[in-house]
Amino acid sequence: MPTSSEQTDDILDPASPQAVHIAEQALLGALLFEPTLIAKVDLEAEHFDNRTHALLFAAMHTVPLPDPEQHRENADWVAAVYAKARPQAPGLPHTYPHTLARACPRPEHAAAYAWMIRAGHTRRTLRIHAEQLGQTAADTTLLHRAEATVTQAERLGDLLDQLAGQFAPHPGSLPRTPLPPDTVAEATEEAIDDERLLLATATGSPQTVTTMRWLAPADFTSALHGSLWRCITALVHRGAPVDPVTVLWEAEQAGLLTGTVTTRTLLELLSDTHGVPEHWGEKILHRSLLHRAGTVADHIIAVTDDPATTPYQLITGSRRALAHFTSVHTRYHRATTPTPPSPATRSRSTPPSIRAGPVPAATMRPPRAGITR
């Protein structure tokens, strides 16, 4: 079983260290050689990936800088830095300052090493925010999951805005990392029921479809249901009559009728109305929003895991991925934000003291029937 000191050596001197680990050692070695460089390094301890390196960097800012002439003659300042950091890193070997000094080829390149450390911190921070976005979208215990997901996406966007000014653009700013394919949204029983009920109620109340431009075929978990929604909206936008028979004809023209999707099953689906289209549409879009957040998180994580991407490529690629979520969020906001009444409508509205009648409950769902895919 390895001892504590052996474990510390593995952490401080891993067998196959990443470039950023070598950069951290090189920078600390440069500062041990030339403590006056500390004032010229624009870094914080939190930018270091290795905790012990962060403690040593913080100690260098705490211990008073030595006289340059005396520093060339003795290692008192180095010993003071080591003594300051060791209580919080009890496994830190006393020989490690010598390791850091050997790791620095050119102290005058400290600014370049610091840039590498900041780039590594950017990569890790973006990955953490992407992971939090994906975890929030998948957390079924949250009472307001969509709102929490939007908040997390906004934090990620704010971070990207902050980072954009720290790294200069360059040719080839888009990452070349192969992205994982978009995951297919799970077609749960509830999702299928919601989509069926939307198609039926939209067929029965086509006048509402014109106000539901915020819903897209890609929001459906079933490709068939998304195609049927496209058929319904096409009829509405052409000003054509809409009923189960006309939608059936449009579906046949679109090549949707197969051995399993027959005229009879399709007519049964389109005739099974209950509730109002907007209610079912919002539920479908809510589900699409959460699924898109998970896909965006996967794409950003893939980019941050590719060591060949530059910091600017990380930022550009993450912004492009987040834009896909933003487009769905914009439609979701439009769907869930009440439209303010016009002045003329307000003047003719019911006085506040008089309550309107009950709204039909749209949330009670009928038994399942018809097409299930």
Side-chain angles (χ1 to χ4, degrees), residues 17-27 40-51 53-54 57 109-138 146-183 288-333:
Q18 294 183 334
V20 69
H21 184 87
I22 301 299
E24 290 182 3
Q25 289 182 320
L27 175 65
K40 302 178 182 179
V41 173
D42 184 20
L43 281 180
E44 302 291 339
E46 64 183 25
H47 292 141
F48 286 77
D49 182 36
N50 185 280
R51 177 177 177 274
H53 291 168
F57 185 77
H109 293 168
Y113 307 147
W115 184 93
M116 295 169 63
I117 294 170
R118 184 178 288 278
H121 178 258
T122 295
R123 184 184 303 274
R124 293 189 303 274
T125 305
L126 280 175
R127 195 184 200 284
I128 290 172
H129 275 69
E131 288 175 343
Q132 291 173 342
L133 176 62
Q135 291 168 1
T136 302
E147 290 77 3
T149 300
V150 169
T151 298
Q152 191 60 50
E154 290 173 346
R155 290 172 182 166
L156 176 58
D158 291 342
L159 173 66
L160 291 170
D161 290 341
Q162 295 172 9
L163 295 173
Q166 299 179 13
F167 299 97
H170 55 76
S173 58
L174 289 177
R176 296 180 293 274
T177 307
L179 297 178
D182 289 356
T183 58
S288 177
L289 177 81
L290 298 176
H291 177 258
R292 176 52 58 182
T295 300
V296 168
D298 291 341
H299 286 185
I300 295 178
I301 289 173
V303 173
T304 58
D305 284 348
D306 183 0
T309 53
T310 67
Y312 193 76
Q313 286 176 328
L314 290 174
I315 296 168
T316 305
S318 297
R319 275 181 157 171
R320 170 169 284 197
L322 191 59
H324 294 298
F325 174 83
T326 302
S327 64
V328 181
H329 174 223
T330 299
R331 294 190 286 114
Y332 182 76
H333 179 74

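Just so you know, these numbers come straight off a predicted model, no measurement behind them.
- Here the closest heavy-atom approach between residue Thr149 and residue Ala137 is recorded as OG1-CA, 3.4 Å.
- Within a 6.0 Å sphere centred on NE2 of His333, heavy atoms belonging to other residues, nucleotides or ligands number 12 at most.
- Within the 3.5 Å criterion, the main-chain N or O of Ile117 finds no donor-acceptor partner in the side chain of Glu24.
- Legend: residues meeting side chain to side chain contact (heavy atoms under 4.5 Å, CB included) with Ile22, ordered by chain and number and at least two apart, are Pro17, Gln25.
- Between atom CZ of residue Arg155 and atom CD of residue Gln132 there is a gap of 8.0 Å, rounded to the nearest 0.5 Å.
- Across all non-hydrogen atoms, the minimal contact from Ala130 to Ile301 is CB-CG1, 3.8 Å.
- Between Ser173 and Thr316, the closest heavy-atom pair is O-CB, 3.5 Å.
- Heavy-atom neighbours of Arg319 CZ from other residues, nucleotides or ligands within 6.0 Å: above the threshold of 12.
- Counting heavy atoms of neighbouring residues, nucleotides and ligands inside a 6.0 Å radius, atom CD of Gln18 does not exceed 12 of them.
- Note that CD1 of Ile300 is 7.0 Å distant from CG of Leu133, once rounded to the nearest 0.5 Å.
- Contact annotation: the side chain of His299 approaches that of Pro180 to within less than 4.5 Å [non-hydrogen atoms, C-beta and beyond].
- Residue pairs meeting the ring pair (Phe, Tyr, Trp, His ring centres under 6.0 Å) criterion with at least one member in residues 307-330, sequence neighbours excluded: His170-Tyr312.
- With hydrogens and angles ignored, the 3.5 Å screen pairs a side-chain donor or acceptor of His291 with a backbone N or O of Thr183.
- Panel note: side chain Arg118, backbone Asp42; a donor-acceptor pair is recorded below 3.5 Å.
- In this structure, NE2 in His47 is found 9.5 Å from CZ in Arg124, a value given to the nearest 0.5 Å.
- Using modelled atom types and a 3.5 Å distance limit, the side chains of Arg123 and Thr309 yield a donor-acceptor pair.
- Summarising the geometry of Gln313 relative to Gly172, their closest heavy-atom pair is NE2-O, 2.7 Å, with the distance given to 0.1 Å.
- Smallest separation of non-hydrogen atoms from Ser288 and Val328: OG-CG1, 4.2 Å.
- Ring geometry, His53 versus His21: the interplanar angle falls from 30° to 60°, so the pair is classed tilted.
- Taken from OG1 in Thr125 to CG in Leu314, the straight-line distance is 11.0 Å, to the nearest 0.5 Å.
- No side-chain N or O of His129 forms a donor-acceptor pair with one of Ser318 less than 3.5 Å apart.
- Below 30°, between 30° and 60°, or above 60°: for Phe167 and Trp115 the angle between ring planes is above 60°, a perpendicular geometry.
- Here salt bridge (Lys or Arg N to Asp or Glu O under 4.0 Å) pairs that include residues 292-316, with residues two or more places apart or in two chains, are Arg127-Asp305, Asp182-Arg292.
- Considering CD of Gln152 and OG1 of Thr136, their distance stands at 4.5 Å, rounded to 0.5 Å.
- In plain terms, the two heavy atoms of Ala153 and Leu322 that are nearest each other are O-CD2, 3.9 Å.
- Note that CG of Leu126 is 6.5 Å distant from OG1 of Thr122, once rounded to the nearest 0.5 Å.
- Counting non-hydrogen atoms of neighbouring residues, nucleotides and ligands closer than 6.0 angstrom, the CD atom of Glu131 exceeds 12 such neighbours.
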